[in-house]
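Some notes on the structure that comes next.
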Amino acid sequence: MNCIEVDGLNLWYGAFQALRKVSVRIRARQITALIGPSGCGKSTLLRTFNRISQRDPAVRVEGSVRILGEEIFSPEVSLIALRRAVGMVFQRPNPLPISIFENVAFGLRIHEPDTPVDAAVEEALTAVGLWEDLRFRLHSPATELALEQQQRLCIARLLPLKPEIILLDEPCSALDAQATLAIEQLLGRLAAEYSIVIVTHSMAQARRVSAECFFMLLGEVVEHGPTEQLFTNPRDARTGDYIAGRFG
Amino acid sequence: MKPAIARSSITPRFSETPAIARRLLEERIARRLLAGVLTASLVPLFAILIYLVWQAAPMLSWGFLVESPRDGMRSGGLWPALLGTLYLVGAALAVATPVGILASVYLNEYARPGRFSRIVNLAVINLAGVPSIVHALFGLGAFVAFAGFGRSILAASLTLAVMSLPVIIASTTEALKSVPQSFREASWNLGATRWQTTRHIVLPNALPGIFTGIILMVSRTAGETAPVLFTGAVFYKSIAGGDLFAYNLLDQCMALSVHLFTVSTQVPNVPEALPYAIAVVLVATVLGVNALSIALRVYLRSRKNW
Ligand SMILES: Nc1ncnc2c1ncn2[C@@H]1O[C@H](COP(=O)(O)OP(=O)(O)OP(=O)(O)O)[C@@H](O)[C@H]1O
Ligand SMILES: [Mg+2]
């Protein structure tokens with residue numbers, strides 16, 4: 001079952017074309033990695049999935065993106081509903097400047113003002129492994145947490161809304177090796193329940209966490225397949241060059 | 001086909017639910033309300049400007065700008081007052097800008113953050129709120145009498161400078177605070193001194209914000225009446241019309257604000273349009289200086305490219 005289906009997607013920043021005829025199928029309830037050299041359009045592709053990229057008036061898109069079978073560029077789509085279902089985690093942890101508790105409760109509070117939040121907050125913090133450490137300081141500022149904890153919090157913040165898809169754009173590049181491993185394990189656990197797309201610059205990370213992998217170059221998807229196959233037996237020479245570290 | 005994996009089986013999934021529709025309604029109301037408040041606050045502003053120009057129209061001409069007043073200020077132009085205001089604001093700006101900026105740089109880039117700088121900051125903010133008539137009295141005592149400048153352009157512009165210093169310091173401080181700390185750290189880490197960091201990194205990035213403060217100060221000083229009346233402005237002084245160098249710093253001078261006051265309240269039988277025409281010139285002078293600063297600001301910002 002696919003959670004994201006992209007067909008013939010072109011995207012321009014003004015006159016510059018950042019995505020060229022991208023067509024991909026991303027499967028549900030597993031981790032899909034997006035790799036490729038800097039500037040190849042990974043973030044751009046990720047940011048079209050919740051239509052954040054279209055906030056920029058210079059951006060023009062063409063083609064079709066279906067999420068859970070539904071065309072997201074169609075005029076009936078509500079951006080609020082879409083972004084609730086498709087959550088995003090950024091490269092720099094960006095906790096809101098409020099307490100830990102309120103960070104996790106924020107989504108529920110804005111979407112469902114009448115729902116009690118306590119249980120949902122505990123559940124989310126437990127899911128990302130922060131509950132035991134933070135349960136007695138839930139009301140201290142989130143910005144004072146360690147970076148890894150902040151990044152976990154940014155993931156936890158999405159969970160009370162029960163998103164369908166979680167997008168992560170280089171979520172570990174601000175973290176050390178141990179924190180990176182911890183986040184990867186967390187993603188592994190979450191993949192049982194959520195569909196996860198992760199952009200990463202680390203070949204090793206893509207290989208460790210993902211079931212399927214896409215390789216992008218200059219705005220095009222060059223190759224796509226099960227991660228193990230793409231790394232051991234790439235069909236396209238450019239993929240081979242990239243994962244062998246010969247460019248990028 | 002395997003069973004659907006989506007959490008919610010409601011389709012279409014991303015369409016507007018009633019709850020979303022309600023929030024979008026709030027959003028639209030907020031947008032209208034904000035736009036309405038903005039309009040409501042702009043309308044009186046434009047109404048004043050249009051009314052002024054309308055009333056002043058019969059008197060406005062090039063001659064009005066560059067001639068001296070005649071017939072006991074009932075006709076002729078306002079050149080001595082226009083030139084006087086330009087001198088006063090220019091001299092005040094020349095003193096207050098560098099002093100204010102450098103003081104603020106010390107306070108933000110050098111002084112250790114702590115009780116001292118907090119108290120100074122608080123003092124500055126409160127000084128900015130001291131009524132101008134108090135500054136007028138201070139100028140009379142300090143510059144006219146004690147320093148011995150007499151009632152003169154020098155004494156008046158120094159008074160205006162002292163009055164506007166807190167405004168410039170406060171706004172420069174805001175501008176300096178908005179420069180990201182990481183820029184300073186990057187510079188320090190390359191072994192730059194504080195001064196080099198300030199000179200090459202912090203100030204260039206803060207300049208647009210600093211200009212905002214200067215614009216505010218120009219607007220305020222150009223319209224001040226009491227301080228210049230106490231310290232150097234006179235009701236009437238005859239100078240050669242159109243001569244840019246008709247005053248020197250120890251002369252007394254006319255000023256637009258004082259001239260407006262005189263013509264409106266002290267001179268009988270003035271043409272109805274005259275006070276309005278003076279007001280238009282005063283407003284235009286302020287807007288002209290502001291436009292210049294804004295142009296400079298836009299230029300500086302366009303060079304700030306990241
Ligand atoms: N807002 C923008 N306006 C104009 N061009 C942009 C904009 N954002 C990205 N680009 C360009 O689009 C291309 C793709 O950018 P994108 O950020 O998607 O790359 P990326 O693969 O995520 O790179 P990185 O690995 O460095 O994050 C780049 O050439 C970039 O310069
Ligand atoms: Mg990127």
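Side chains included, hydrogens not; waters and symmetry mates left out as well; all remaining heavy atoms used. Each chain gets a letter, A, B and so on, in the order the sequences are listed, and its residues count up from 1.
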(request) Run through R84(A), E70(A), E76(A) and flag the one making a side-chain contact (heavy atoms from CB on, under 4.5 Å) with F14(B). (result) E70(A)

Check the surroundings of atom [atom1] in [X]: do more than 12 heavy atoms from other residues, nucleotides or ligands lie under 6.0 Å from it?
X: F116(B); atom1: CZ; value: no
X: R25(A); atom1: CZ; value: yes
X: W54(B); atom1: CH2; value: no
X: R92(A); atom1: CZ; value: no

(request) Among I72(A), L79(A), I165(A), I80(A), single out the residue with the greatest number of heavy-atom pairs under 4.5 Å to chain B. (result)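 Top count of heavy-atom pairs under 4.5 Å with chain B: I80(A).
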
(message) Heavy-atom pairs under 4.5 Å with chain B - which of H111(A), E112(A), R83(A) has more of them than the others?
(response) H111(A)

(message) To check you understand the geometry: which heavy-atom pair defines the closest contact between A81(A) and S15(B), and what is its length?
(response) CB-O, 4.2 Å

